[in-house]
> 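Below you'll find the structure I mean.
Below, all heavy atoms of this structure are taken into account, side chains as well, without hydrogens, waters or symmetry copies. Here is how names work: the chains are called A, B, and so on, in the same order as the sequence lines, proteins then strands, and each is numbered from 1.
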Protein chains: 2
Amino acid sequence: MENPDTPAKSGYHHGNLKEALIEAADAIIREKGVEGFSLREAARRAGVSIGAPAHHFGSATGLLTEVALLGYGSLGAALNAVTTSDNAGADLQRLALAYVRFALAYPGRFRLMFRPDLVNRDDPRYAQASTQALSDFAKTIARRDPTADRMAQIFIVWSSIHGIASLALDGKAKYLFDGITPDDFAADILPNLLATAWPFGGNDAA
Amino acid sequence: MENPDTPAKSGYHHGNLKEALIEAADAIIREKGVEGFSLREAARRAGVSIGAPAHHFGSATGLLTEVALLGYGSLGAALNAVTTSDNAGADLQRLALAYVRFALAYPGRFRLMFRPDLVNRDDPRYAQASTQALSDFAKTIARRDPTADRMAQIFIVWSSIHGIASLALDGKAKYLFDGITPDDFAADILPNLLATAWPFGGNDAA
DNA sequence: AGTGCCATCTTAGCGTTGTTCAGATAGTGA
DNA sequence: TCACTATCTGAACAACGCTAAGATGGCACT
């Protein structure tokens, strides 16, 4: 449970509080969701007093912003891990699947990432991280349809994927697919859905 | 400001507290967003003590659920107000525009409607209201492509629209359309976007 | 080696929140 | 008229974010 490369808390000074608090916050959000988070519990888990986080992050928003950045990083990694082919439509399909599965695998992080009231969007790193996560869509779309309006295409494709992820995460699929759970949705229905009904996964080999 | 058909508070008994609290909560959310809401302020605005709401709604979630139901009602009304034609693709386009504009016009209500931690989704009226709002999409999709898998089509179209609304509401459009505001997005970019890049608004007259 | 600086962390306190519960109040039906 | 019951009050409790004054100890500099 202990990170080996921490200077180990030497009594009064923790030595690695910032990272420890981010890790604790991420764990709380993983276990209890975004609403289950509290700054005081993060401090408790890190083994410090309730006033300690303020020094490093200023406010709860400051700490949560770090977790959100961490989330964008892991989303970017998940999208980058998608194998690419010479078929841009099929690639988009796999990107969408990865995006939705990320949302379902890390619901806390994903929800936090899109909660403007909980993260500090004025932090330049936020815009950077947010844009970075889009780069995979952008590249694949450019290959798929080089002539189209790039920004319009990116926004529409991203919206479509993000909407699927959001609704699936909120359990809305069960209203349409009769009591299906989010996990079953991701495993069974979603791949089929993306391959047939989703208009961006067409078989348009370059 | 006063609802004329209230029995008017007769000192101790308010007479119409339930409706007054729902209205107050809706107003707070309109003014300060979902996070700005508090049960105590709703009670304050309704002119009753802090313990009064509990009797009618049990908890804060109970009151917010009522506001969410109200939101689904107004969304349904906005979608029903969309004029239909013999062109199902064009109708979907208008439905999408109405959906997104509703989200931007009533951001508080819209966000609340999709916040599972704030509404009681076990309330049967919630499922009913949620499903009802989908009926317009369902009808139009059925006209557009009667042979396709109904549920898959509904989910994909709804997702796409919901994603556009969510990202636009969160101000994500500015990353792609260089500093555009949500209002300008809804007025200028969105209609053009739906007519060109959006794959469900095609010119497929029945 | 000593010393002073300063980042780090503690502690206490303030105002706020949701929820609970005993009791006050008043409308309503017998 | 009287009892019943829905309604509302007021106080209490635990938890929250944030702030500020003070304690602590690592570190650079003399």
> Using 30° and 60° as the class boundaries, would you call the ring planes of Phe110(B) and Tyr99(B) parallel, tilted or perpendicular?
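Answer is perpendicular, since the angle exceeds 60°.
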> Whole-Å distance between dT5(D) P and His55(B) NE2?
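From His55(B) NE2 to dT5(D) P: 14 Å.
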> Taking Glu41(A) first and then Lys32(A), would you say they form a salt bridge - that is, a charged N and a carboxylate O separated by under 4.0 Å?
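Salt bridge present between Glu41(A) and Lys32(A).
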> Output all residues satisfying salt bridge (charged side-chain N to carboxylate O under 4.0 Å, His left out) with Asp123(A), sequence neighbours left out; order by chain, then residue number.
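Checked Asp123(A) against salt bridge (charged side-chain N to carboxylate O under 4.0 Å, His left out); matches are Arg125(A).
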> Looking across every strand, which nucleic acid part, if any, lies under 4.0 Å from Ala60(B) by heavy atom: base, sugar-phosphate, or nothing?
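Sugar-phosphate, no base atom in range.
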> Could you state the CG-P distance from Asn16(B) to dA26(C), rounded to the nearest angstrom?
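Rounded to whole Å, this separation is 19 Å.
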> Figure out the CZ/C1' separation between Phe37(A) and dG17(D), and round it to whole Å.
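Value for this atom pair: 10 Å.
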> Has the side chain of Arg94(B) got a donor or acceptor atom that lies under 3.5 Å from a matching backbone atom of Thr83(B)?
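Between the backbone of Thr83(B) and the side chain of Arg94(B) there is a qualifying donor-acceptor contact (under 3.5 Å).
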> Between atom CD in Glu35(B) and atom P in dC16(D), what is the gap in whole Å?
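Distance check: Glu35(B) CD to dC16(D) P gives 17 Å.
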> What is the distance, to the nearest angstrom, from the NZ atom on Lys18(B) to the C1' atom on dA6(D)?
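In whole Å, dA6(D) C1' and Lys18(B) NZ are 13 Å from each other.
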> Tell me which residues in residues 38-45 of chain B put a heavy atom below 4.0 Å from DNA chain C, sorted by number, or none.
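Heavy-atom cutoff 4.0 Å gives Ser38(B), Leu39(B), Arg40(B), Arg44(B).
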> In whole angstroms, how far is the P atom of dG15(C) from the CD1 atom of Ile50(B)?
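Rounding to the nearest Å, CD1 of Ile50(B) and P of dG15(C) are 16 Å apart.
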> In whole Å, I'd like the distance from the CG atom of Leu21(B) to the P atom of dT9(D).
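Roughly 10 Å, once rounded to whole Å.
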> In whole angstrom, give the distance that lies between atom CD1 of Ile28(A) and atom P of dG17(D).
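Roughly 10 Å, once rounded to whole Å.
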> Do any pairs count as a salt bridge (Lys or Arg N to Asp or Glu O under 4.0 Å) and have a residue in residues 178-201 of chain A, sequence neighbours left out, and if so which ones?
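The answer is none; no pair qualifies.
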> Between His56(A) and dA7(C), is there a contact of a side-chain N or O with OP1 or OP2 at under 4.0 Å?
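Answer no for this pair, as no side-chain N or O of His56(A) is under 4.0 Å from OP1 or OP2.
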> Does Arg144(B) come within less than 4.0 Å of Asp91(B), counting only side-chain N to carboxylate O?
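Answer for the salt bridge query: no.
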